Engineer: 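Below: one structure in structure tokens.
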There are 2 protein chains.
Amino acid sequence: MSIRDLASHLNISIGTVSRALNGRSDVNAETRRRVLEAAAELGYVPNQSGRSLRQGTTNAIGFMVETNSETGTHGDSFFSSIYVGVQKEFAAHHLDLVVLLCPSDDDPYDYLRRVVARRFVDGLFISAIQRHDPRIDFLIEREIPFIALGRSLSGGSHPWIDLDFEGVATKAVNRLVARGHRRIGLVTPGTELNLGYVFADAYRAALSANGLAYDPGLLVRSEQTSEEGGYHAADALLALDQRPTAMLLVNEIMAIGVYRRLHEAGLTPGRDMAVIGLRHSPQARFLSPALTCFDISLIDLGRRLAQGLLASMPAYRDSQPFGLVQEVWPMELVAGESDPPPR
Amino acid sequence: MSIRDLASHLNISIGTVSRALNGRSDVNAETRRRVLEAAAELGYVPNQSGRSLRQGTTNAIGFMVETNSETGTHGDSFFSSIYVGVQKEFAAHHLDLVVLLCPSDDDPYDYLRRVVARRFVDGLFISAIQRHDPRIDFLIEREIPFIALGRSLSGGSHPWIDLDFEGVATKAVNRLVARGHRRIGLVTPGTELNLGYVFADAYRAALSANGLAYDPGLLVRSEQTSEEGGYHAADALLALDQRPTAMLLVNEIMAIGVYRRLHEAGLTPGRDMAVIGLRHSPQARFLSPALTCFDISLIDLGRRLAQGLLASMPAYRDSQPFGLVQEVWPMELVAGESDPPPR
DNA sequence: CAGCGCACCGAAAACGTTTGCGATGCAGCA
DNA sequence: TGCTGCATCGCAAACGTTTTCGGTGCGCTG
């Protein structure tokens with residue numbers, strides 16, 4: 001059931017059929033009606049490979065995420081919700097979302113180059129942005145549409161959306177200081193992810209704005225951002241001569257490990273230690289005491305990412321009222337019971 | 001940089017280049033070496049569209065999952081780990097995994113038909129298998145390779161892997177009965193998902209094997225399998241004249257809601273009520289008291305699914321030592337502190 | 001030397017689609 | 001009538017690849 005079958009069934013040329021199906025203006029209204037009717041009747045659907053070959057476009061968009069081969073998660077379900085938002089935005093454009101899982105033992109840059117070389121996707125979402133991320137320059141140079149989930153120091157102007165770490169640090173520190181805290185620890189990723197640097201800078205600025213000195217010992221860079229990572233980060237903070245009375249975490253998964261370590265030290269989280277985190281997954285509501293955290297509307301973030309990508313793709317730019325998307329994503333503080341005043 | 005450029009650069013025909021790249025035997029060893037060298041040097045990578053068009057194959061495999069548009073999750077990170085396992089198995093075959101998110105307001109059968117019609121994938125994983133699932137007959141009839149994550153009553157022999165609900169029900173009920181429980185509630189999905197029926201049958205069989213009568217009131221079918229669903233299921237069980245002393249849940253997300261409802265009723269989970277669940281996500285370790293649950297090695301399950309699919313695809317069958325995969329996936333009980341004897 | 005088989009390679013068709021170009025017919029206008 | 005312009009459509013090329021078919025040259029055998 002190709003376009004040829006459809007044409008011979010209607011006794012017209014394949015060119016006319018193609019034009020009718022694609023809504024071109026130079027085809028008679030009655031002819032178009034007959035074509036669409038026959039297509040529906042015979043169950044004709046265009047072959048994507050043929051179309052891609054001719055147009056040089058695949059109608060597929062890749063979302064590149066990095067895999068943790070050991071735990072088997074990629075982003076702790078962080079991305080699942082983002083996908084949904086992207087999909088919602090893509091539905092109207094007949095675009096397919098292709099999740100590209102870069103294995104952790106593979107170099108993200110090499111992986112990306114292979115994907116691009118295969119011409120498998122028309123555009124890309126990239127995440128886990130490094131401080132100096134070669135993928136960005138590569139994509140800009142090749143003129144491949146993309147949007148980054150996260151900022152980078154890499155040169156060139158390109159679309160990106162990042163979480164509002166400045167806002168988080170400011171609100172969290174202000175809140176803790178208002179409650180009487182003076183020694184506030186921060187746990188960020190210890191990898192070359194740029195967000196660790198951004199978060200740390202925002203944290204230092206927030207401390208300074210509150211007239212507090214920055215103590216390097218209170219900044220823990222954790223290789224893992226998992227429960228294990230949280231455990232060890234709490235361990236490091238508790239080992240200090242002058243312990244902090246509050247901890248600010250980059251996600252809420254680490255809070256599980258922090259709670260565990262606190263309990264082992266005979267401390268009760270939310271009483272002997274204040275904890276604030278960022279919420280990545282809806283399942284975070286379990287923690288007891290309830291974690292005070294910053295809520296991310298991930299579906300909306302996904303939608304916005306999709307809009308930003310479409311706006312940078314010539315074929316879809318007209319459908320988007322936006323220009324170059326470069327913005328931070330605001331987050332709302334959800335008060336829990338984990339950050340009381342110090343004892 | 002097409003195969004034509006490569007050929008003219010080497011002063012040989014494109015056919016020879018293609019044969020050399022694809023490892024055909026009818027090409028001189030020296031010629032092959034030169035071709036591979038030039039391909040690497042010039043950075044040539046075959047165009048997937050051209051290849052797909054000629055061969056009628058796309059090198060892409062779809063994984064169809066259903067989306068919950070409200071919460072934004074699809075399977076509570078259940079699938080994230082499965083993807084990783086699939087990807088591990090696919091890596092050697094140069095297959096791409098395409099995640100196909102069926103919106104919740106779309107009919108899965110219609111969605112599947114559109115995907116198939118577009119010839120976008122060579123094979124499919126389907127999940128969320130209904131009791132009578134029209135997708136299965138459709139795929140069998142069209143001779144499209146697939147494997148189902150879940151059993152179904154739909155006719156025809158096809159590859160599938162399902163969780164070992166019989167084993168779960170037997171072990172859980174035996175364990176609870178051995179500890180003195182006599183009234184054990186079961187919470188299963190209230191939708192047409194087949195797993196709800198399978199689990200309920202296994203539960204009844206396990207009760208019977210222990211000489212216990214089946215009380216229909218103790219079987220709660222919950223529309224939602226989320227935290228909310230768990231809350232309401234616990235609500236229903238607590239409203240009974242004769243309350244159960246233990247609850248068996250279909251996943252651990254519901255346990256969050258169950259715990260909450262128990263606390264509201266002045267009951268302490270793991271003391272006034274025994275709770276056992278299935279573990280879908282590694283983050284489940286947070287619950288306090290620790291949930292006694294059945295652990296699923298999701299990465300391995302993903303690998304096995306991929307093997308089962310490959311074994312059913314003519315192009316890859318030879319690489320797999322397996323035949324038709326139809327099996328249940330064993331799960332190990334991880335003892336927590338949530339299922340003590342009744343008070 | 002004739003004949004045969006084999007290794008290797010080039011030519012060309014085919015996959016299904018889109019699109020530029022030209023052809024046709026017809027209405028409108030001078 | 002003759003010319004122009006427009007609406008509509010057919011023809012054919014092109015996208016990049018794989019694969020069949022046939023051809024060439026060589027070595028070997030009888």
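None of the values given here were measured: they were computed from a predicted structure. In the text below, chain A, chain B and the rest are named by the order of the sequence lines, each starting its count at 1.
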Engineer: Which of residues 14-22 of chain A sit near DNA chain D, with a heavy atom under 4.0 Å from it?
Structural biologist: A:Thr16, A:Arg19
Engineer: In whole Å, I'd like the distance from the CG atom of A:Asp26 to the P atom of C:dT24.
Structural biologist: 18 Å
Engineer: For the residue pair A:Phe146 and A:Phe125, is the inter-centroid distance of their aromatic rings smaller than 6.0 Å?
Structural biologist: no
Engineer: Can you pull out the residues from residues 37-56 of chain B that lie within a 4.0 Å heavy-atom distance of DNA chain C?
Structural biologist: B:Leu53, B:Arg54
Engineer: A quick test of your reading: do over 12 heavy atoms of other residues, nucleotides or ligands sit less than 6.0 Å from CZ of B:Arg142?
Structural biologist: no
Engineer: Mind running a 4.0 Å heavy-atom check of residues 2-13 of chain B against DNA chain C and sending the residues that fall below it, in number order?
Structural biologist: B:Ile12, B:Ser13
Engineer: Mind running side chain to side chain donor-acceptor pair (under 3.5 Å) on A:Thr191 and A:Gln130 for me, showing each step along the way?
Structural biologist: CA-CA 8 Å; A:Thr191 55; A:Gln130 309 260 337; over 6 Å; no
Engineer: Does CD belonging to A:Glu30 count more than 12 external heavy atoms closer than 6.0 Å?
Structural biologist: yes
Engineer: So among B:Leu149, B:Leu193, B:Ile136, which one has a side-chain contact (heavy atoms from CB on, under 4.5 Å) with B:Ile129?
Structural biologist: B:Ile136
Engineer: Please check: side-chain N/O of A:Asp122 versus main-chain N/O of A:Ile61, any donor-acceptor pairing under 3.5 Å?
Structural biologist: no
Engineer: Check this for me: A:His93, atom NE2, are more than 12 non-hydrogen atoms of other residues, nucleotides or ligands nearer than 6.0 Å?
Structural biologist: yes
Engineer: Decide if atom CD of A:Glu141 counts as having more than 12 heavy atoms of other residues, nucleotides or ligands within a radius under 6.0 Å.
Structural biologist: no
Engineer: Within the 4.5 Å heavy-atom criterion, are A:Leu101 and B:Val86 side-chain neighbours or not?
Structural biologist: no
Engineer: Provide, to the nearest angstrom, the distance between the CG atom belonging to A:Asn59 and the P atom belonging to C:dT17.
Structural biologist: 14 Å
Engineer: For the pair made of CZ in A:Arg24 and C1' in C:dT17, what is the distance, rounded to whole Å?
Structural biologist: 12 Å
Engineer: Assign each of B:Ala29 and A:Met1 to its nearest nucleotide of DNA chain C by heavy atoms, then name whichever residue's nucleotide is nearer the 5' end.
Structural biologist: B:Ala29
Engineer: Answer yes if the side chains of A:Ser13 and A:Thr16 hold a donor-acceptor pair under 3.5 Å, and no otherwise.
Structural biologist: yes
